[in-house]
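Chain letters run A, B, ... following the sequence lines, proteins first and then strands; every chain starts at 1. Just so you know, these numbers come straight off a predicted model, no measurement behind them.
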Protein chains: 2
Amino acid sequence: MGIAERKERERLEMRQRIIHGAMQMFLEEGYEKTSIRNIAEKIEYSPATIYLYYKDKDELLYDVQREAFEQLITIFSKEATAEDPYKRLEQICRTYIKFGREHTEMYDLMFIIRAPMNVVDEQHLWTNGHDAFGFLVQCLSECIEQKLVRFKNVMTAALSVWAMGHGLVSLDIRCRFKVMEMTETDIQDAIEASINEYLELIKA
Amino acid sequence: MGIAERKERERLEMRQRIIHGAMQMFLEEGYEKTSIRNIAEKIEYSPATIYLYYKDKDELLYDVQREAFEQLITIFSKEATAEDPYKRLEQICRTYIKFGREHTEMYDLMFIIRAPMNVVDEQHLWTNGHDAFGFLVQCLSECIEQKLVRFKNVMTAALSVWAMGHGLVSLDIRCRFKVMEMTETDIQDAIEASINEYLELIKA
DNA sequence: TTGAAAAATAAACACTGTTTAGTAAATTTG
DNA sequence: CAAATTTACTAAACAGTGTTTATTTTTCAA
């Protein structure tokens, strides 16, 4: 009997509708102004309906986060295609920073806010970022193999590169660079200079 | 007449009482559970009273943030005292990371959350972090002067070192390192290794 | 001591995430 | 097909949030 299958399909469609509504709200109004009620209104359902498909807001945000990571991976696949691993590393870094600056609300959800990580407890591990991180790890392991970078351990390398990229993006997004008395454009240049200098530093 | 002076003094005392109540709430219950009502209850005043001393929550958080930065500067002054600038840079980095890990709620307020930065608009600049950042800049400019590091521009250097430190701390605090399938202690070691490796990388 | 000014608050407003109780629709059963 | 049952949905409420308003209490000056 195909009814169970159709129901399952409808259930997934509804979840997709909710995720999509949430993402639209993010992009239009920003993360802070995205409430369950707003999302419900956007998709023309009552707020209570959302709770038939998601246990709580965190669980919903976790699914939105997954969608966001899929977007990042798509961009990586398009922008970081160089054969040479070191060149690809450069592309990854620049793409990451560009992504953060252009999709601040999504970056927030992926790397800054606490909320969606609450559903990742002891047992269950965080799979959303897995492929994007894997992309970096793969690249760095090729770099190390071919002795193109000064790193020896892949995990330490990945941790470092990611930390540098995230540090620059998140301090910028959260306006902490205001401590340096510089214009907005000068700060952008300084971030650019920092990542360039870092890429030079780690070059073997 | 000394009444005006006393009133002014009492006003400052009240603000101090509010700031202190807020900090206590942070340390005891965490940032997320700190509401105006909670703070009011802690200092045994009505919520509305707080609004006689602070325009809104952001303005209050800004003052709490200032207090937090004063604590960080005090710790810097105690822990990063080496004569040799490069050694002092190492001390600064380690102290910063240790501070972030030990005072996660304060670190949140200082470097991660958006809230207190909303009061820092176009005109007015962010002075809270000024001295702590100055501490790093001073150290790095000595390092560059004595050719102890591979940086040439002080601001780029400060931006980079800060970004690396903040990247490691904030990704850790916000549980994003869960993407690497490692135990908590292994992650701590990897962070340690990363900062050590970075300090080696920038050494001239 | 009385009148004005200042300080504090109770109660409300508009929002939030979430739950409960009840309605409307779809499906299964007799 | 009609009745019974399960499923899908929602209105209304609960307990919380930041903030404002109208009112009361306290403090000070005349």
What N/O pairs connect the protein and nucleotides 10-15 of chain C at under 3.5 Å? Give each pair on its own line.
| from | atom 1 | to | atom 2 | distance (Å) |
| --- | --- | --- | --- | --- |
| C:dA12 | N6 | B:R37 | NH2 | 3.4 |

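Every residue meeting the side-chain contact (heavy atoms from CB on, under 4.5 Å) condition with A:T185, not counting sequence neighbours, appears here in chain and number order: A:T183. Scored by the salt bridge (charged side-chain N to carboxylate O under 4.0 Å, His left out) test, B:K57 finds no partners at all (sequence neighbours excluded).
Applying the 4.0 Å criterion to OP1 and OP2 of C:dA7, one finds that B:Y45 has every side-chain N and O outside that range. Put simply, A:Y53 has a side-chain N or O that comes within less than 4.0 Å of OP1 or OP2 on D:dC9.
Side-chain proximity of A:I36 to D:dC9, C:dG17, D:dG18: nearest is C:dG17.
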With a cut-off of 3.5 Å and sequence neighbours excluded, list every side-chain donor-acceptor pair involving residues 151-165 of chain A.
| from | atom 1 | to | atom 2 | distance (Å) |
| --- | --- | --- | --- | --- |
| A:N153 | OD1 | A:M155 | N | 2.8 |
| A:N153 | OD1 | A:T156 | N | 2.9 |
| A:N153 | OD1 | A:T156 | OG1 | 3.1 |
| A:S160 | OG | A:T156 | O | 2.8 |
| A:S160 | OG | B:S194 | OG | 3.1 |
| A:W162 | NE1 | A:Y96 | OH | 3.2 |

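One interatomic measurement links the two molecules: OH of B:Y54 to C1' of D:dG18, which rounds to 17 Å at whole-angstrom precision. In this structure, the CG atom of B:L52 is 11 Å from the P atom of D:dT20, given to the nearest Å. The distance from atom CD of A:E32 to atom P of D:dG18 is 13 Å, rounded to the nearest whole Å. For A:Y51 and C:dT19, the OH to P distance is 7 Å, given to the nearest whole Å.
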**Study point:** Intermediate values then yes/no, salt bridge (Lys or Arg N to Asp or Glu O under 4.0 Å), A:K203 and A:E200
**Key:** CA-CA 5 Å; A:K203 200 187 273 182; A:E200 273 304 314; 3.2 Å; yes
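B:K178 places a side-chain N or O within 3.5 Å of a backbone atom of A:V120 that can act as its donor or acceptor partner.
B:R17 is not listed as a side-chain neighbour of B:Y53, based on a closest heavy-atom distance of 4.5 Å or more.
Between its opening and closing five pairs, the helix from C:dT1-D:dA30 to C:dG30-D:dC1 changes axis direction by 20°, a value rounded to 10 degrees.
Heavy atoms from other residues, nucleotides or ligands lying under 6.0 Å from CD of B:E44 number 12 at most. Atom CD of A:E145 sits in a sparse spot, with 12 or fewer heavy atoms from other residues, nucleotides or ligands closer than 6.0 Å.
Salt bridge status for A:E79 with A:K98: absent, with no side-chain N to carboxylate O gap under 4.0 Å.
Residues of residues 14-26 of chain B that place a heavy atom closer than 4.0 Å to DNA chain C do not occur.
Rounded to the nearest 0.5 angstrom, A:M23 CE and A:D63 CG are separated by 10.5 Å.
With a 6.0 Å cutoff to the six-membered ring centre and a 45° limit on the axis angle, A:R174 does not count as a cation-pi contact of B:F111.
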